[in-house]
Structures are given as structure tokens and as C-alpha cells.
Asks: 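Can you keep this structure in mind? I'll have questions shortly.
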Amino acid sequence: MPNFNFEKSKRLLNAQSFQSVFENTDLKVSNSNFLLLAHQNKLKHARLGMIVAKKNIRLSVGRNRIKRVIRSSFRLNQQNLAALDIIFLVRKGMNKLSFKDQSKSISLGLDQLKNKT
RNA sequence: AGAGUUGGUUGGGCAACCGCCGCUGUUUUUUCUUGAUAUUUCCCUAGGUGAUAUCAGGUUAUCAGGGGAGGAAAGUCCGGGCUCCAUAGGGCAGAGUGCCAGGUAACACCUGGGAGGCGCGAGUCUACGGAAAGUGCAGCAGAAAAUAUACCGCCGAUGGUCAAUAAUUUUGAUACAGGUAAGGGUGAAAUGGUGCGGUAAGAGCGCACCGCGCAACUGGCAACAGCUUGUGGCAUUGUAAACCCCGCUCGGAGCAAGACCAAAUAGGAAUCCUUUGGCGCGGCCCGCGUCGGAUUCGGGUAGGUUGCUUGAGGCCCGUGGUGACACGUGCCCUAGAGGAAUGGUUGCUCAAGACAGAACCCGGCUUAUAGACUGACUCUAAAU
RNA sequence: GCACCCGUAGCUCAGCUGGAUAGAGUACUCGGCUUCGAACCGAGCGGUCGAAGGUUCGAAUCCUUCCGGGUGCG
């Protein structure tokens, strides 16, 4: 039975964990819509952090929508990922894509991340 | 039927699966933990402390049930509640507000009414107190811009000069003194309007009507109104979203408020007392805290818990009121996160889904908004 | 959460307080100077004064509401 849960232990919760990923970036996946940074952690599962700037996506409805799409893609793909701390930086124009294109490109990025490990 | 005015309701629906956050219940005992009781260890007693067992509860986990963004959640433009500062008090300053009456916890909001503007009308808009308390400003143009004056013009009766005449009278000329504000032109604005009389020409100079001011009367709680009466010949332009005056209102900070539990670290913290001085509470007065002395032993950052959703709450009915609204009976509980939850996938369906995401909570205002449903009213045309 | 500032010519700003011509520098164009160019001198071009309402005879300026950009405190 695959585990699709997304509990608090699978998120990056404070500034220190974000900072450690920024300072010790092991892997990078770039795209016109987003940038992925990853760092090896000592846990047995991956953790996710998201940064959606107000500057890039003006309306809070759009920001919330993008975060939900990213979260659900992470949730469905987490079995395939190694023990990484991943930060998801969203760039301008992400909100102009449709739901399907967004989730497709996100899972593509996660696949690339998996291949690099 | 067309054109329009003005309110109200709603803001995709259904099903399945995978997820997130509270709540309720169940089971389990593993971890942690609180309280009570019993037994027991240590300390001289009071009492405190440690261990074990039982019961009750919390927490974590499993499963089940049920709930989970808005009409604007937005802008932060007003008004409150709540919390702390002193039970938030007095004066000045400052800020706001401004037809009248009512509603409200309060308001700059709402309701009803008045006045004025716009519209054929239904309706709609209005910061709508005071310009005889004072000060300021009013470019250019125009003669003159707030004092009353005179550019063109009109007159020149009266007085002057000149001419005619026998004449000091009379007639004519001149435009010198002077009179005038009718007309012209300028301007956003020029000192009531029309008519008649009057005059040298004119003029509220006189009269009639209209307008205006004041007073009375009548109606209205009032603002205000009156084709009611008297009176004043009419003098006092505009601007107060210029200073200002008058009436009314306003203490400050904000949930990162505040309260509780409390690692590390530093050694201080609390209570009482007294005079002066400095600092903070927007400025001043008052007051409070701090620097000094005495007494006592707890205080508190990170972090955590709480504040946190039952409230000026909603719905139905009844009563009072033109209405906003108030009162009463009954029923209902309807997000509470904390790097921040409402999503995704699939299928069906229709009109193919606009604007847009709670962060302490309410009442308004303003702004954004695809559509759908619906009440009342007006105008035009036709028919009856 | 609270407090506050700024939008004027292609660019950088003044003029707003205290109302009556929209201005300066730079850029651009033309002419002069020079053998030519730069510099310099002279002239010109260029503005819905962020938007919409209101007050006023008259609004870049005063008032209100929006739009965009930015700052500070905790």
C-alpha cells in the first residue's frame, strides 16, 4: 500500500532548515516556471518547502492554488524520491499555465531530480 | 412591446477515490503526563519527598461519523467591542464633524422629512452652520472689482461765456462749472426686475405687480413652508474643500494587545518611604514607573500554552412604528489555521462558472464582479 | 497590525504650502563656429501634470475615492 500522506514531518517548517538547503545545495533543477533546490537530509523520507513570492504571483488565490498543485504532486511522487530536503521556488508566469500543464511539469522536475541522485 | 428607474436573493450541481485541519465517539496499551486514594522510603514533628498499585482524565496512534472561506474574506476610509497603560479625569493645543428629526453600542452609517440642482417622469445628487465678529484674496479685460465711482454716452433746467433782440426778459449756440446712471462695451461677478408716472436728462424719485430683508400670524417636535398681514425703498458681490467664528465629538496604544508555564544566560526582582532632578506615557498640569534608602525572595528571554470563536449571532412567527429599528415566543450552533487547512483525479450535467482566499471579533462605507431568479414603479406606442 | 511618502517632457527634477505663463537640465532636430568632430553659442520639438469625481469664475496646486510604486516601526 503506497503512502500518499503529507504530514508535518514531510514539510520544511522553519527558517533554519530553509537556510541549510540554500547554503548546501547538492542538486538543482531549473525551468522557466520554477527552480528546485535539494539537499541530502538524515531522515528516511523527503521533505518539501515552497516559496511563492507575492512579487511573482500577485493574487493570494493564485499563490494558494500553485501551492496546492505542488503539494499534491509531491504527495503522489514521494515514494520515488530519496531522502532530500527540496525547496520549490516559483517563478513569474506559473499561474498562467493550466492545472494539467502545471502538474505535468512539476512531476517532470521531480523525475529529473530523481535521475540526478 | 420597447425604453428606463429602483430594491431583494443567489454566486455551478451530483457521485466515487486519494489527501489536509479542527470536533465527537470507539478501541488499544506502547510512550509521555495530571489529579485522587492506598502501601511504603528518607527527614525530629507539622509537613515535605521518592517508589509501586488502582481509578479518573489528558496526549499520541487506529478506526468511524460529521464539519471546514466571502459577498465583497479586499482597500484600511470611518465607528465600536476586547486587552494593557491610572476607574481615562481637567485646561490648552490638535483632529474630526456640520439642514432637521429619529435609529443605533457607535459612526462620516441608515431611515424619514426640508431646501436647492438635474430629469417629461419613476427617481437621483448635494461637506447643505456662519460672509451686518474680524482678516485675506478676486489675474486679464473693463471707467470702475467691493470703496462707491464715471470711459463712451445723455442732459446742461440752474450758474458762466458768446450771439440776436430796445431790454436785466426771451431765443439760440457752447459743453466751462455741474447733473445723471437710462443705454453701450468688459467680465465668472457691475449695486433688484417689468410697466406707468415723473424729469433738462435721469434715477425706488413716486406708484402698481414680482423679488428680497425684517417682524408678526398660521401650520409643523424641528429644519422649513404660506397667492396671510405689516413694514423697509432695497443697504450689506463671491469665496470659509482661504484663515477664522459657533455648536457637537474625540486620552494613548494595539491580539506581535494581554495572561499563564518556563530551558539557557545575566544578577536582579517585588513591596514600602521621602524631596529634588532627568526619562517614558503625542505637548502642558496632575498622576504613575525608574535613579536613592529599608524589608522580603523570587523574576524572566528563547520556546510552548492561551487569548480563539456563542456573538451588539442567525432563522421563523407575532406586536409597535411611515421607516431605519425595537420588543417577545420558539428553534439552531454554522472555519478557527499557525511557514498557515477547503485541493487533486475521474464521470455525468447545465446557462460552461465572474471578482476573488478568513488570521481577534463585529457595524458601516468604498472598490472589483460572468451570469441567474425576482418585487415595485415611470415614460412612449398600440389595443380594450 | 500601524504610520507615512511619491507619481509633472524619452530621462532627472522644480513649480503645489500661499490658486491665474507648465518650467530647468539632459536627450533629440536644425543653424552657427571648425578642414572635420567634440565642446560652445542660438533656435526649435516634446505634457490628457497617475485616474475619476467635487469645490471655485478658474485646479498640476484645495477636498474625496481609486490605481501604481516605495519607505519606516514592532
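Per chain, numbering begins at 1; letters A, B, ... match sequence-line order.
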Asks: With side-chain contact (heavy atoms from CB on, under 4.5 Å) as the test, pick out the partner of A:Val90 among A:Leu35, A:Ile70, A:Ile51.
Replies: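 Looking at A:Leu35, A:Ile70, A:Ile51, the match for A:Val90 under the side-chain contact (heavy atoms from CB on, under 4.5 Å) is A:Ile70.
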Asks: Roughly, in whole Å, what's the span from CG in A:Leu48 to P in B:rG343?
Replies: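 To the nearest whole Å, that distance equals 19 Å.
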Asks: When syn is taken as a glycosidic angle within 90 degrees of 0, is B:rG336 syn or anti?
Replies: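 Anti conformation for B:rG336.
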Asks: Could you tell me the separation between the CZ atom of A:Arg65 and the P atom of B:rU342, rounded to a whole number of Å?
Replies: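 Result: 12 Å.
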Asks: Provide the distance between the two C1' atoms, one in B:rG303 and one in B:rA263, to the nearest whole Å.
Replies: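 Pairwise C1' distance, B:rG303 against B:rA263, rounds to 8 Å.
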Asks: Mind checking the P distance from B:rG195 to B:rG178? Whole angstroms is fine.
Replies: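 Roughly 34 Å separates the two P atoms.
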Asks: May I ask you to test the A:Ile87-A:Leu36 pair for a side-chain heavy-atom distance under 4.5 Å?
Replies: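 SC-SC contact between A:Ile87 and A:Leu36 ruled out.
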Asks: Figure out the NZ/C1' separation between A:Lys67 and B:rG338, and round it to whole Å.
Replies: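 Atom NZ in A:Lys67 sits about 12 Å away from atom C1' in B:rG338.
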Asks: Let's test this: given Watson-Crick or G-U wobble pairing with both distances under 3.5 Å, identify the partner of C:rA38.
Replies: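 Because no pair has both required distances under 3.5 Å, C:rA38 counts as unpaired.
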Asks: Looking only at N and O atoms, is any donor in the side chain of A:Arg71 or the base of B:rG339 less than 3.5 Å from an acceptor on the other one?
Replies: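 No pair found.
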Asks: May I ask you to test the A:Leu37-A:Asp85 pair for a side-chain heavy-atom distance under 4.5 Å?
Replies: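 SC-SC contact between A:Leu37 and A:Asp85 ruled out.
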Asks: Over how many whole Å does the gap from A:Ile86 atom CD1 to B:rG339 atom P extend?
Replies: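 Atom-to-atom, A:Ile86 to B:rG339, this comes out as 20 Å.
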Asks: Take atom C1' in B:rA122 and the same atom in B:rC379, then report the distance between them in whole Å.
Replies: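 Between the two C1' atoms, the distance is 8 Å.
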Asks: What distance, rounded to whole Å, do you find between the two P atoms, one in B:rA72 and one in B:rA95?
Replies: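 So the two P atoms sit 35 Å from each other.
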Asks: Counting only Watson-Crick or G-U wobble pairs whose two distances fall under 3.5 Å, which nucleotide matches C:rC62?
Replies: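 For C:rC62, the partner nucleotide comes out as C:rG54, under the 3.5 Å rule.
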Asks: Check this one for me: any side-chain N or O of A:Ser72 less than 4.0 Å away from OP1 or OP2 of B:rG344?
Replies: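 Checking B:rG344 against A:Ser72, no side-chain N or O comes under 4.0 Å of OP1 or OP2.
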Asks: Suppose you measure atom C1' in B:rG113 against the same atom in B:rA222; what distance do you get, rounded to whole Å?
Replies: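 It comes out at 10 Å once rounded to the nearest Å.
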Asks: Does the structure show a Watson-Crick or G-U wobble partner for B:rG371, both distances under 3.5 Å? Name it, or say none.
Replies: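 Its partner is B:rU10.
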Asks: In this structure, how many angstroms lie between the C1' atom of B:rG339 and the CZ atom of A:Phe88, rounded?
Replies: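 The answer, rounded to whole Å, is 17 Å.
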Asks: Checking one value: the base orientation of B:rU334, syn if chi is within 90 degrees of 0, otherwise anti.
Replies: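 Base orientation relative to the sugar is syn.
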Asks: Rounded to whole Å, how long is the line connecting atom CG of A:Asn64 with atom C1' of B:rG339?
Replies: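 Going from CG in A:Asn64 over to C1' in B:rG339 covers 12 Å.
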Asks: If you round to the nearest 0.5 Å, how far is CE of A:Met50 from CZ of A:Phe74?
Replies: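 It is 9.5 Å, given to the nearest 0.5 Å.
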Asks: Is there a Watson-Crick or G-U wobble partner for B:rG142 with both distances under 3.5 Å, and if so, which one is it?
Replies: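 Partner of B:rG142: none found under 3.5 Å.
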Asks: Classify the glycosidic conformation of B:rA69 as syn or anti, calling it syn when the angle lies within 90° of 0.
Replies: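 That one's syn.
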Asks: With both distances under 3.5 Å as the test, what is the Watson-Crick or G-U wobble partner of C:rC16?
Replies: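 Its partner: none found.
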Asks: Name the pairing partner of B:rA53, where a pair is Watson-Crick or G-U wobble with both distances under 3.5 Å, or state none.
Replies: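 The answer is B:rU37, by the H-bond criterion.
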Asks: Name the orientation of the base relative to the sugar in B:rU168: syn if the glycosidic angle is within 90° of 0, else anti.
Replies: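 Here the answer is anti: the torsion falls beyond 90° from 0.
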Asks: Using purine N1 to pyrimidine N3 plus N6-O4 or O6-N4 for Watson-Crick, or N1-O2 and O6-N3 for G-U wobble, each under 3.5 Å, what pairs with B:rA225?
Replies: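 Per the H-bond distance test, B:rU218.
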Asks: What integer distance in Å separates A:Phe74:CZ from B:rG344:C1'?
Replies: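 To the nearest whole Å, that distance equals 16 Å.
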Asks: Touch check for A:Arg63, heavy atoms < 4.0 angstrom, all strands: base, sugar-phosphate only, or nothing?
Replies: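 No contact.
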Asks: Could you work out the separation of B:rU346 and B:rC355 based on their C1' atoms and round it to a whole Å?
Replies: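 Pairwise C1' distance, B:rU346 against B:rC355, rounds to 29 Å.
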Asks: In Watson-Crick or G-U wobble terms, both distances under 3.5 Å, what is the partner of B:rA341?
Replies: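 The answer is none; no pair meets the criterion.
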Asks: Could you tell me how far B:rA16 sits from B:rG68 if I compare only their P atoms? Round to whole Å.
Replies: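 Going atom to atom, P in each nucleotide, I get 16 Å.
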Asks: Mind checking the P distance from B:rC120 to B:rA242? Whole angstroms is fine.
Replies: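 Per the computed distance, 33 Å lies between those P atoms.
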Asks: Hey, what do you get for CG (A:Leu48) to NZ (A:Lys67), rounding to the nearest 0.5 Å?
Replies: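 These two atoms lie 11.0 Å from each other.
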Asks: In whole angstrom, what separates A:Ile51's CD1 from B:rG339's C1'?
Replies: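 Rounding to the nearest Å, CD1 of A:Ile51 and C1' of B:rG339 are 10 Å apart.
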Asks: Pick one for B:rG71: is it syn, with its angle within 90° of 0, or anti?
Replies: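 B:rG71: syn.
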